[in-house]
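Taking it in order: structure first as structure tokens, then the write-up.
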Amino acid sequence: MAFAVLALARTRNLFAVVVLSGIYSFLMATVLVALDAVDVAMTEAAVGAGVSTVLLLGALHLCKSEEAKPAHRPWLPLLLSLATAALLIYGAMGLPDFADPNAPIHQHVVPRYLQNEIDVPNVVTAVLASFRGYDTLGETTVVFTAGAGIIALLRRRKHPKAVLASFRGYDTLGETTVVFTAGAGIIALLRRRKHPKSGGGGDGK
Amino acid sequence: MSSGGVVEHFSYIATVFLMVAGLYVVMARGNLIKKLVGLSVFQTSVYLLYIAPGKLIGGTAPILSPQYTVYSNPLPHVLILTAIVVGVATLALGLAIAVRIKETYGTIEEDEITALDNARQDMEGDPGR
Amino acid sequence: MESSLVLRVVGKLLIPFILLFALYVQFHGDFGPGGGFQAGTISAAGIVFYALIFGLDKARRVVPDRLVETMLAAGVLLYAGVGVAGLLLGGNFLDYFVLDQDPVHGQHRGIFWVEAGVHITVCGVMLKIFYMFASRGQREEKEE
């Protein structure tokens, strides 16, 4: 994995960078299986090597560029990186040893999770959906917000009447009203129009 | 708390290496898409940071079964599942912004974008967005 | 890509299995690795595969934009709905044990619907993002 990352940092051909990031995700998934994290490995393989690579390729097709030669020698970032690494390693030496059964993370809540109270053998799903279901609700909302944000950013503005008609459907799904206010903020920040039909039209609410 | 030396903390060293490599790519490279890839490398190293301490040697994946008594810690797995999905959401939004920047400025190199912005400000004399 | 025979045949063979595998991962999330997120990504990947081989327009006819946008919001609403159902039946928000006479079975039901909601949202978001990126490129080519 170290080699993949170093090659990624040095390559200037962006297509190669995308492929290397896919390789890196697959290697990370393998390491995660070795660490007994099977759910996480499946998610990382599906999301990191699958969806992430597709998105990067799509964006690359739309941007169509190669990385230019860096203008200044990167001594300052290199120095900062090495200093950060030294600090972090110094701090990490105080953390528990690898696979230490007396580490604090094994002591407090986990013995209860492993008691099989709710008769669901996959403890990760049990914790995710039942013990910590509220966090998962928040995470699903984050995913939804990302989708709504993408719609707001990459939507093509048609005739204003068409926009209004398509939005009436959304108002019945309640939640999206709040998100589109956020989307309008993003549009206002990033929009550049040639003709003067811009301005406070917003999302046609 | 910890008595070991470098060998017992190997997982942390690997994590820090990947993290700093990702950080270097974000800081030192000007291309927006490469920065986003560096950011995702950084995020992936954090997954390793959380999951490695949860592993118990001789344990197994946290799926309860009568044959096993020792399980690796499931709590970090839960947290990192959320983190992975949020990471890809961030990547998607970042790429959408990069695409919009490309369409507006014609380039996704940071230096050229700053230069174009400054040139536009000098020409129009407006405080700029 | 539509002219490549190998891709078309292999695609037609594989895509049903991919979608079936996504459902398997979803429902076996209780007993093995899996669950909502993985299943959502896999089913989105199956439909993206179809779009890559047979063209974006055909994929849009099979899974129209309207359906995808509805899936986005419906999953979150389903999840929140399970929580509210817990409220209406006497417990706290997102309590599962009130959903059935036997509290353990109530947990099973709650987890089932919650994971289904997650699957729908994740699949919808991944598909929508792919549609957005792909159609942006298409329209630019038409305008140029």
Side-chain angles (χ1 to χ4, degrees), chain A residues 2 5 9 14 17 21 28 32 35-40 43-44 47 51-52 55 59-60 62-63 65 67-68 70-71 74 77 81 84-85 88-89 92-99 101 103 105-106 110 113-114 116 121-124 127-128 132 135 139 142-143 146 149-150 153-154 190 192, chain B residues 1-2 4 8-13 16-18 20-21 23-25 27-28 30-31 33-34 37 40-41 44 51-57 59-65 71-75 77-78 80-82 84-86 88-89 91-93 95-100 102 104 108-109 111:
Chain A
V5 169
L14 286 181
V17 165
S21 88
M28 174 61 77
L32 288 172
L35 290 175
D36 286 342
V38 286
D39 276 67
V40 181
T43 314
E44 169 67 24
V47 161
V51 174
S52 196
L55 289 182
L60 203 57
L62 288 173
C63 290
S65 82
E67 188 187 4
S81 306
T84 314
L88 285 174
I89 292 183
M93 284 304 174
L95 288 173
D97 294 344
F98 183 66
I105 59 170
H106 300 294
V110 176
Y113 288 163
L114 289 173
N116 198 8
N122 187 358
V123 185
V124 173
V127 175
L128 195 62
R132 305 222 168 170
D135 297 338
E139 169 191 359
V142 167
V143 169
I150 298 261
L153 276 172
L154 292 184
L190 288 179
R192 294 256 193 270
Chain B
M1 168 85 54
S2 75
E8 279 84 5
H9 292 99
F10 175 70
S11 66
Y12 299 116
I13 295 181
V16 168
F17 173 74
L18 292 172
V20 167
L23 187 65
Y24 173 74
V25 171
M27 283 198 291
N31 192 318
I33 289 189
K34 200 150 186 211
V37 171
S40 91
V41 165
T44 317
I51 293 187
K55 157 110 183 140
L56 286 174
I57 299 189
T60 176
I63 298 176
L64 297 172
S65 153
Y71 300 102
S72 290
N73 200 332
L75 194 54
H77 302 348
V78 173
I80 299 303
L81 261 180
T82 308
I84 292 179
V85 181
V86 168
V88 78
L91 181 71
L93 274 173
L95 286 174
I97 294 183
V99 164
R100 288 299 299 254
K102 165 80 177 180
T104 312
I108 52 174
E109 290 289 334
D111 307 332

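Since this is a predicted model, take the numbers as computed values, not measurements. So that the names make sense, note that chain A is the first sequence line, chain B the second, and so on, each numbered from 1.
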Subject >> Options L32(A), L88(A), I150(A), ranked by heavy-atom pairs under 4.5 Å with chain B, top entry >> reply: I150(A)
**OP:** Indicate the atoms forming the closest heavy-atom contact of S21(A) with V37(B), along with that distance.
**Re:** CB-CG1, 3.9 Å
**OP:** Pick one of side chain, backbone, both or neither for V5(A), based on which atoms fall under 4.5 Å of a heavy atom in chain B.
**Re:** side chain
Original post:
Side-chain contact, heavy-atom cut-off 4.5 Å: S52(A) with L91(B)?
Top reply: yes
**OP:** Carefully, step by step, assess D39(A) and H77(B) under the rule side-chain contact (heavy atoms from CB on, under 4.5 Å).
**Re:** CA-CA 7 Å; D39(A) 276 67; H77(B) 302 348; 5.5 Å; no
Original post:
Which pair of non-hydrogen atoms, one from A59(A) and one from L95(B), has the smallest distance, and what is that distance?
Top reply: CB-CD2, 3.6 Å
**OP:** Go through the structure and list residues passing side-chain hydrogen bond (donor to acceptor under 3.5 Å, both in side chains) with T43(A), not counting sequence neighbours.
**Re:** Q38(C)
Original post:
V25(B), L23(B), I51(B): which one forms the most heavy-atom pairs within less than 4.5 Å of chain A?
Top reply: I51(B)
**OP:** Keeping the roles fixed (side chain from R100(B), backbone from L153(A)), state whether a donor-acceptor pair exists under 3.5 Å.
**Re:** yes
Original post:
From I33(B) CD1 over to L60(A) CG, what is the distance, rounded to the nearest 0.5 angstrom?
Top reply: 5.0 Å
Original post:
Is the closest side-chain heavy-atom distance between V41(B) and M28(A) below 4.5 Å?
Top reply: no
**OP:** Measure the CD1-CE distance between I13(B) and M93(A) for me, rounded to the nearest 0.5 Å.
**Re:** 4.5 Å
Subject >> From L128(A) atom CG to L75(B) atom CG, the distance as rounded to the nearest 0.5 Å >> reply: 11.0 Å
**OP:** Measure the shortest side-chain to side-chain distance between T44(B) and E44(A) over non-hydrogen atoms and say whether it is less than 4.5 angstrom.
**Re:** yes
**OP:** Quick one: list whatever passes salt bridge (charged side-chain N to carboxylate O under 4.0 Å, His left out) with D36(A), sequence neighbours left out.
**Re:** K55(B)
Original post:
Between P77(A) and M27(B), what is the shortest heavy-atom contact and its length?
Top reply: O-CE, 3.7 Å
Original post:
Heavy atoms, side chains only, cut-off 4.5 Å: are L62(A) and K102(B) in contact?
Top reply: no
Original post:
For T82(B), is it the side chain, the backbone, both or neither that has a heavy atom under 4.5 Å from a heavy atom of chain A?
Top reply: both
Original post:
Quick one: what part of V78(B) sits under 4.5 Å from any heavy atom of chain A, side chain, backbone, both or neither?
Top reply: both
Original post:
So do L81(B) and V124(A) actually touch side chain to side chain, heavy atoms under 4.5 Å?
Top reply: yes
**OP:** Measure Y24(B) against the heavy atoms of chain A and call it side chain, backbone, both or neither at under 4.5 Å.
**Re:** both
**OP:** Among the options V51(A), T84(A), L55(A), pick out the one with the most heavy-atom pairs lying under 4.5 Å from chain B.
**Re:** L55(A)
